[in-house]
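Notes for the one structure printed next.
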Amino acid sequence: MAEGKKVIAENRKARFDYFIEETYECGIELLGTEVKSVKNGSISFPDAFAEIQNGQIFMKNFHITEYSYSSVFNHDPDRAKKLLLHKEEIKRIERKVSMKGYTLIPLDFYLKNGRVKMTLGICRGKKQYDKRATIKDRDVQRDMQREFRKGLDG
């Protein structure tokens with residue numbers, strides 16, 4: 001792990017359901033109570049995705065639970081959050097996503113030097129037989145590691 005980086009949440013399901021072509025580190029435009037909730041780990045993003053609108057990227061279906069110690073002026077938990085990227089990166093992402101079968105999926109959320117960041121992946125969906133192949137490769141790798149450890153122990 002890099003210096004000053006603390007992982008808050010990871011989307012392991014996305015790594016199983018999608019082929020990840022490219023990744024981008026981006027910031028998220030959050031309100032004050034949202035930042036506190038994210039730092040507490042009160043987030044949910046199983047069906048989250050990003051969408052490009054008017055040259056900006058917004059995160060949809062990304063739920064940040066209301067901060068329990070705030071006043072009545074709390075944030076909307078399901079609002080669309082703007083992602084912070086350079087214009088050149090947004091144009092490059094837009095060209096890639098416009099091709100058939102590609103989508104933008106959040107891969108993980110972390111704190112980097114006190115700021116909330118996320119890794120955004122340009123992903124292509126896996127077919128059922130690809131998922132079965134992934135499971136088979138994982139099982140074979142686990143068996144090889146088991147045999148290797150058994151060989152070392154004697």
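Computed from a predicted structure; not experimentally measured.
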Any [X] side-chain heavy atom under 4.5 Å of [Y] side chain:
X	Y	value
Leu31	Arg79	yes
Lys136	Arg132	no
Cys123	Ile105	yes
Thr119	Phe109	no
Glu51	Ile57	no
Leu104	Ile122	yes
Val38	Leu30	yes
Asp130	Phe19	yes

Nearest-0.5 Å distance, [atom1] of residue [X] to [atom2] of residue [Y]:
X	Y	atom1	atom2	answer
Gln56	Lys87	CD	NZ	9.5 Å
Ile64	Glu34	CD1	CD	4.5 Å
Thr23	Asp108	OG1	CG	9.0 Å

Which heavy atom in [X] sits nearest to a heavy atom in [Y], and how many Å separate them?
X	Y	answer
Cys26	Leu84	CB-O, 3.4 Å
Tyr67	Thr33	CB-O, 3.8 Å
Met59	Ala48	SD-CB, 4.1 Å
Gly41	Ile8	CA-CG2, 4.0 Å
Leu85	Glu25	CD2-O, 3.8 Å
Leu107	Arg15	CB-NH2, 3.9 Å

Distance-only side-chain donor-acceptor flag, Glu147 / Gln145, under 3.5 Å: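 No, no side-chain donor-acceptor pair sits under 3.5 Å.
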Heavy atoms from other residues, nucleotides or ligands near NZ of Lys91 exceed 12 (cutoff 6.0 Å):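 No, the 6.0 Å shell around NZ holds no more than 12 heavy atoms from other groups.
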State yes or no: do [X] and [Y] share one hydrophobic cluster built from I, L, V, M, F, W and Y residues joined by side-chain heavy-atom distances below 4.5 Å, directly or via other members?
X	Y	value
Phe16	Val140	no
Phe148	Met144	no
Tyr18	Phe45	no
Ile52	Met118	yes

Measure from the side-chain N and O atoms of Asn11 to the backbone N and O of Pro106, and report whether any donor-acceptor pair falls under 3.5 Å.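 Confirmed, Asn11 side chain pairs with Pro106 backbone.
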Keeping the roles fixed (side chain from Glu89, backbone from His86), state whether a donor-acceptor pair exists under 3.5 Å.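 Yes; at least one donor-acceptor contact below 3.5 Å.
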What residues, two or more places apart in sequence or in another chain, satisfy side chain to side chain contact (heavy atoms under 4.5 Å, CB included) together with Asp47?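 With neighbours one apart ignored, the set is Asn61.
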Applying the salt bridge (Lys or Arg N to Asp or Glu O under 4.0 Å) test to Asp17, which of Lys127, Lys131, Lys126 qualifies?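 Single salt bridge (Lys or Arg N to Asp or Glu O under 4.0 Å) partner of Asp17 among Lys127, Lys131, Lys126: Lys131.
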Take Thr103 and Val97, measure what side-chain contact (heavy atoms from CB on, under 4.5 Å) needs, and give me the verdict at the end. CA-CA 6 Å; Thr103 186; Val97 172; 5.9 Å; no
Do we get Lys81 above Phe58's six-membered ring, with its NZ or CZ under 6.0 Å from the centre and within 45° of the axis?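 Not satisfied by the 6.0 Å and 45° rule.
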Is the Lys NZ or Arg CZ of Lys5 less than 6.0 Å from the centre of Tyr110's six-membered ring, within 45° of the axis?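 Yes, a cation-pi geometry.
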Salt bridge flag under 4.0 Å for residues Glu22 and Arg92: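 No, no charged N to carboxylate O under 4.0 Å.
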Are the charged groups of Arg146 and Asp143 less than 4.0 angstrom apart, N to O?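 A salt bridge is present here (some side-chain N lies under 4.0 Å from a carboxylate O).
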Are the aromatic rings of Phe49 and Phe62 close, with centres under 6.0 Å apart?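 When the ring centroids of Phe49 and Phe62 are compared, they turn out to be at least 6.0 Å apart.
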